[in-house]
Amino acid sequence: MAKDIIKVGRRKTSVAQAKLIPGKGEMNVNKKPLADYFKGCGRYQQMALSPLVLLKVEGKFDIKIKVEGGGVSSQAGAIRHAVARSLALMSDDNKKVMKKAGFLTRDPRMVERKKPGQPKARKKFQFSKR
């Protein structure tokens, strides 16, 4: 495979753009190594790497990721979505495995909007009869 694959992944308000290049397994997020970007929380690193681990192709691709918006958890989910979409584009077998694992489905959950006349989205002011 000589051509680079670029795909976009999203979760909540985060958007990640992943570029897969055949290489030796380096993964950079916003020009930082993955371990430095998600410093202190291995759960997010595992989440971002899960599509590679599932297909047993860790160490075969250099991945450059540009991610923005949202929080750390949301960004990790967006990265997973982008990497999974890139790997699914390579073959139909990969696509079936990714689809079954649920990595190709965009997580539709978003923060509920705040309603007027209320302190939060669902919280109400205390009712007072008098």
Side-chain angles (χ1 to χ4, degrees):
M1 148 160 239
K3 206 168 184 191
D4 302 346
I5 298 175
I6 300 172
K7 278 291 182 183
V8 172
R10 293 181 179 90
R11 183 170 193 279
K12 291 188 177 181
T13 56
S14 294
V15 179
Q17 189 176 41
K19 184 176 185 178
L20 257 71
I21 307 161
K24 54 185 179 278
E26 292 179 16
M27 192 168 187
N28 291 326
V29 180
N30 291 348
K31 298 181 181 175
K32 291 182 190 174
L34 181 73
D36 289 349
Y37 192 79
F38 292 120
K39 198 170 204 141
C41 195
R43 188 176 85 203
Y44 299 135
Q45 292 176 38
Q46 288 175 345
M47 187 180 200
L49 292 170
S50 54
L52 299 168
V53 173
L54 183 68
L55 292 177
K56 299 180 181 92
V57 294
E58 48 288 42
K60 294 185 180 177
F61 296 100
D62 288 343
I63 304 173
K64 293 180 181 174
I65 297 164
K66 188 169 75 176
V67 66
E68 57 186 27
V72 185
S73 174
S74 173
Q75 288 184 351
I79 290 169
R80 182 179 78 174
H81 190 222
V83 171
R85 288 179 74 186
S86 300
L87 291 168
L89 193 66
M90 291 169 53
S91 77
D92 288 336
D93 294 334
N94 288 358
K95 186 173 182 176
K96 287 176 187 172
V97 172
M98 291 291 164
K99 188 80 171 165
K100 190 172 182 185
F103 291 167
L104 297 180
T105 307
R106 186 206 186 278
D107 193 346
R109 296 175 295 172
M110 298 286 280
V111 175
E112 194 172 333
R113 76 178 191 91
K114 183 193 166 298
K115 314 306 186 297
Q118 296 178 13
K120 290 185 175 179
R122 295 192 178 215
K123 187 176 182 180
K124 308 277 192 275
F125 288 114
Q126 185 172 349
F127 175 73
S128 173
K129 195 166 189 176
R130 282 179 256 307

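Computed over heavy atoms, backbone and side chain alike; hydrogens, waters and symmetry mates excluded.
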- Task: Run through the side-chain heavy atoms of Ile, Leu, Val, Met, Phe, Trp and Tyr, join any pair under 4.5 Å, and report what else lands in Val8's cluster.
- Result: Val15

- Does the side chain of Phe103 reach to within under 4.5 Å of the side chain of Leu87, using non-hydrogen atoms? no

- Task: Could I get the full list of side chain to side chain donor-acceptor pair (under 3.5 Å) partners for Lys115, not counting sequence neighbours?
- Result: Glu112

- Query: Under a single-linkage definition using a 4.5 Å side-chain heavy-atom cutoff for Ile, Leu, Val, Met, Phe, Trp and Tyr, are Ile65 and Leu49 assigned to the same hydrophobic cluster?
  - Reply: yes

Which donor-acceptor pairs under 3.5 Å do the side chains of residues 74-84 make with protein atoms, sequence neighbours left out?
from	atom 1	to	atom 2	distance (Å)
Ser74	OG	Arg11	O	2.8
Ser74	OG	Ser14	OG	2.7
Gln75	OE1	Tyr37	OH	2.6
Gln75	NE2	Gly69	O	3.0
His81	ND1	Arg10	N	3.1
His81	NE2	Leu104	O	3.2

- Note on the structure: Scanning both residues in full, the closest heavy-atom pair of Leu54 with Ala101 reads CD2-CB, 3.6 Å

- Message: Going by side chain to side chain contact (heavy atoms under 4.5 Å, CB included), name the residues that satisfy it together with Ala35, two or more places apart in sequence or in a different chain.
- Response: Gln45

- Message: Looking at Lys114, is its backbone amide N or carbonyl O close enough to the side chain of Arg122 to form a donor-acceptor pair, meaning the two atoms are under 3.5 Å apart?
- Response: no

- Note on the structure: Those residues at least two apart in sequence (or on a different chain) that pass side chain to side chain donor-acceptor pair (under 3.5 Å) with Arg113 are none

- Can you tell me how far CZ of Arg85 sits from CE of Met90, rounded to the nearest 0.5 angstrom? 16.0 Å

- Task: Would you please name every residue forming a side chain to side chain contact (heavy atoms under 4.5 Å, CB included) with Lys124, sequence neighbours left out?
- Result: Gln118

- Item | Contacts of type side chain to side chain contact (heavy atoms under 4.5 Å, CB included), residue Thr13, not counting sequence neighbours | Met110

- Task: Among residues two or more places apart or on two chains, list those pairs meeting side chain to side chain donor-acceptor pair (under 3.5 Å) that have a residue in residues 46-63.
- Result: none

- Just wondering, are more than 12 heavy atoms of other shown residues or ligands nearer than 6.0 Å to CG in Asp36? yes

- Query: What residues, two or more places apart in sequence or in another chain, satisfy side chain to side chain contact (heavy atoms under 4.5 Å, CB included) together with Pro119?
  - Reply: Lys123, Phe125

- Query: Are more than 12 heavy atoms from other residues, nucleotides or ligands located less than 6.0 Å from atom CZ of Arg43?
  - Reply: no

Without placing hydrogens or testing angles, list every side-chain donor-acceptor pair under 3.5 Å for residues 20-34, not counting sequence neighbours.
from	atom 1	to	atom 2	distance (Å)
Asn30	OD1	Val67	N	2.9
Asn30	ND2	Val67	O	3.1

- Note on the structure: Value for CD1 (Ile63) from CD1 (Ile5), rounded to nearest 0.5 Å, stands at 10.5 Å

